[in-house]
S.K.: 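Below is one structure. I have some questions about it.
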Protein chains: 2
Amino acid sequence: MEAKTLLQEHIAKTASLTQEEFDYFFSHFKPLSFKKGQTIISEGDKVDCEYFVVSGCLKAFFINDEIKMYILQFAMPTWWTSDYNALYNQTPAQINVDCITDAEVLCLSSSDREKLCAEFHQIEHFFRWRTNKGYIASQKRLLSFMNNNVKTRYEELLALYPQLYNLVPKHLIAAYLGVSRETLSRLHNS
Amino acid sequence: MEAKTLLQEHIAKTASLTQEEFDYFFSHFKPLSFKKGQTIISEGDKVDCEYFVVSGCLKAFFINDEIKMYILQFAMPTWWTSDYNALYNQTPAQINVDCITDAEVLCLSSSDREKLCAEFHQIEHFFRWRTNKGYIASQKRLLSFMNNNVKTRYEELLALYPQLYNLVPKHLIAAYLGVSRETLSRLHNS
DNA sequence: AAAAGATTGTGATCTACATCACGTAACCCA
DNA sequence: TGGGTTACGTGATGTAGATCACAATCTTTT
């Protein structure tokens with residue numbers, strides 16, 4: 001699907017904009033294409049934008065001790081991603097974002113987002129709900145982390161996003177679950 | 001500090017309301033007082049409200065297998081709490097909220113919040129930012145969970161909220177850290 | 001098509017933390 | 001003021017998952 005239509009249908013679920021308003025909104029987004037493996041945000045970068053995924057799959061991750069990787073989010077079409085802590089607090093990125101597959105994204109700068117939120121009540125409404133859903137999902141994941149063992153978390157993840165099983169290498173799924181790739185591999189037999 | 005002043009100063013940090021607008025906003029809140037140990041939300045309840053803490057300390061927690069407790073949030077003055085998943089998706093509460101100390105709260109119904117957000121752009125702005133901060137904090141905690149051992153998480157928590165050490169029994173701090181009370185106790189000696 | 005790198009599986013061993021068990025001290029509240 | 005509940009410490013033992021090591025594919029690049 002075309003980027004503009006995808007975004008429009010996505011927004012329409014929570015906010016009512018006229019076609020004219022949406023066209024204006026859309027004009028602030030910059031379309032970007034990336035190849036598999038390309039980096040969008042690196043640790044230490046100044047972060048100015050957030051990204052709406054049109055096609056492909058990104059990962060937002062943290063590297064500890066230059067060795068261990070922890071994946072905060074897989075970002076699929078219609079998902080938003082960035083290092084929101086860095087973006088809102090104007091601090092250097094602690095999170096990396098790169099492309100698991102070739103990907104197309106729409107890039108929106110933080111200043112444009114704030115401008116658009118101030119100009120259109122409905123746009124502010126949309127972003128409140130988007131963040132709200134992210135917050136609820138994040139709380140659920142935290143609870144699952146405290147409450148469930150690796151096997152249960154793995155099954156939950158696959159039930160929620162079956163396409164990940166074939167799209168994403170297993171060691172990345174392990175990094176999302178916060179477990180070693182060896183342990184994840186052994187789960188298949190138990 | 002008086003409940004109304006506390007809320008007004010809290011809101012003023014992110015939204016500009018005239019005194020008249022704030023008075024109208026405030027008129028939708030219901031002040032409630034609770035004693036130490038009293039329950040505000042029980043698992044299975046229909047959840048209609050969110051709560052702004054004026055004084056005291058609440059905990060939002062999840063009980064697994066009728067045995068293990070996991071604390072999602074300690075809620076102190078100027079913090080907001082509820083079972084947001086239940087509140088937004090109109091599902092029965094999975095989270096409990098009760099009082100660690102005597103507490104005063106201001107209660108806002110979800111329908112009033114949505115009404116106020118629709119009526120005043122600045123109020124929608126405020127709630128977007130509040131949720132945004134919650135989302136960022138939740139992501140940070142998730143990262144710390146994956147990345148750090150118990151001792152580091154304990155030190156982080158005490159650095160962020162030193163008052164918790166004396167205010168809250170250790171087994172509740174253990175339940176927040178997702179660790180057994182015995183292990184937490186042993187950390188003091190190591 | 002060959003070489004190099006990435007991905008996955010699996011055994012052996014190690015470790016952080018859980019669980020069980022028991023003892024002591026502090027705090028309610030009738 | 002005394003008896004019961006709650007809080008907290010600490011030893012002994014169990015276990016999920018980490019780490020190390022190596023081998024077998026599968027993918028990408030030249």
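Just so it is clear: chains get the letters A, B, ... in the order the sequence lines come, proteins before strands, and each one is counted from 1. Keep in mind the model is a prediction, meaning the values are calculated, not measured. Values below: every heavy atom of this structure, side chains too, minus hydrogens, waters and symmetry copies.
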S.K.: Taking 5' to 3' order, which nucleotide of DNA chain C is first and which is last to have an atom within less than 4.0 Å of a heavy atom in chain B?
M.R.: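 First-to-last contact on DNA chain C, by the 4.0 Å heavy-atom rule, is C:dC17 to C:dC28.
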S.K.: What orientation do B:Phe26 and B:Phe29 show, parallel under 30°, tilted 30 to 60°, or perpendicular over 60°?
M.R.: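 B:Phe26 vs B:Phe29 ring planes: parallel.
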S.K.: Which residue pairs pass the salt bridge (charged side-chain N to carboxylate O under 4.0 Å, His left out) test with at least one member in residues 129-142 of chain B, sequence neighbours excluded?
M.R.: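 Passing the test, one end in residues 129-142 of chain B: B:Glu50-B:Arg130.
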S.K.: Can you see whether A:Ser110 engages A:Arg113 through a side-chain donor-acceptor pair at a distance of less than 3.5 angstrom?
M.R.: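 Yes, a side-chain donor-acceptor pair sits under 3.5 Å.
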S.K.: Which residues within residues 156-163 of chain A lie with some heavy atom under 4.0 Å of an atom in DNA chain D?
M.R.: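 Close to the strand, none.
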S.K.: Under the ring-ring contact (aromatic ring centres under 6.0 Å, His included) criterion, do A:Tyr88 and B:Trp129 qualify, and how do the steps go?
M.R.: CA-CA 10 Å; A:Tyr88 284 101; B:Trp129 273 92; 5.0 Å; yes
S.K.: Roughly how far, to the nearest 0.5 Å, is the OG1 atom of A:Thr131 from the OH atom of B:Tyr135?
M.R.: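 Reported value, rounded in 0.5 Å steps: 8.0 Å.
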S.K.: Can you list every salt bridge (charged side-chain N to carboxylate O under 4.0 Å, His left out) pair that touches residues 20-34 of chain B, not counting sequence neighbours?
M.R.: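 Checked against salt bridge (charged side-chain N to carboxylate O under 4.0 Å, His left out) - neighbours excluded - the pairs reaching residues 20-34 of chain B are B:Lys4-B:Asp23.
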S.K.: Look at the rings of A:His10 and A:Trp80 and say which category their plane angle falls in: under 30° parallel, 30 to 60° tilted, over 60° perpendicular.
M.R.: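 Taking A:Trp80 first and then A:His10, their aromatic rings sit tilted (interplane angle of 30° to 60°).
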S.K.: Within the 4.0 Å limit for protein heavy atoms, which parts of nucleotides 13-30 of chain D are touched? Write it as a string from 5' to 3', B for base, S for sugar-phosphate only, - for none.
M.R.: ----SBBBB------S--
S.K.: Report the C-alpha distance between B:Tyr176 and B:Phe74 in whole Å, list the side-chain angles of each, state the deciding distance to 0.1 Å, and finish with yes or no for ring-ring contact (aromatic ring centres under 6.0 Å, His included).
M.R.: CA-CA 8 Å; B:Tyr176 180 92; B:Phe74 291 115; 5.3 Å; yes
S.K.: Just how far is it from atom CG of B:Asn85 to atom CG of A:Asn132, taken to the nearest 0.5 Å?
M.R.: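 Atom-to-atom, B:Asn85:CG and A:Asn132:CG are 10.0 Å apart.
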S.K.: Given atom CG of B:Leu172 and atom P of D:dA7, what is their separation to the nearest angstrom?
M.R.: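 Going from CG in B:Leu172 over to P in D:dA7 covers 7 Å.
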S.K.: Who are the ring pair (Phe, Tyr, Trp, His ring centres under 6.0 Å) partners of B:His171, not counting sequence neighbours?
M.R.: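 Applying ring pair (Phe, Tyr, Trp, His ring centres under 6.0 Å) to B:His171 gives none.
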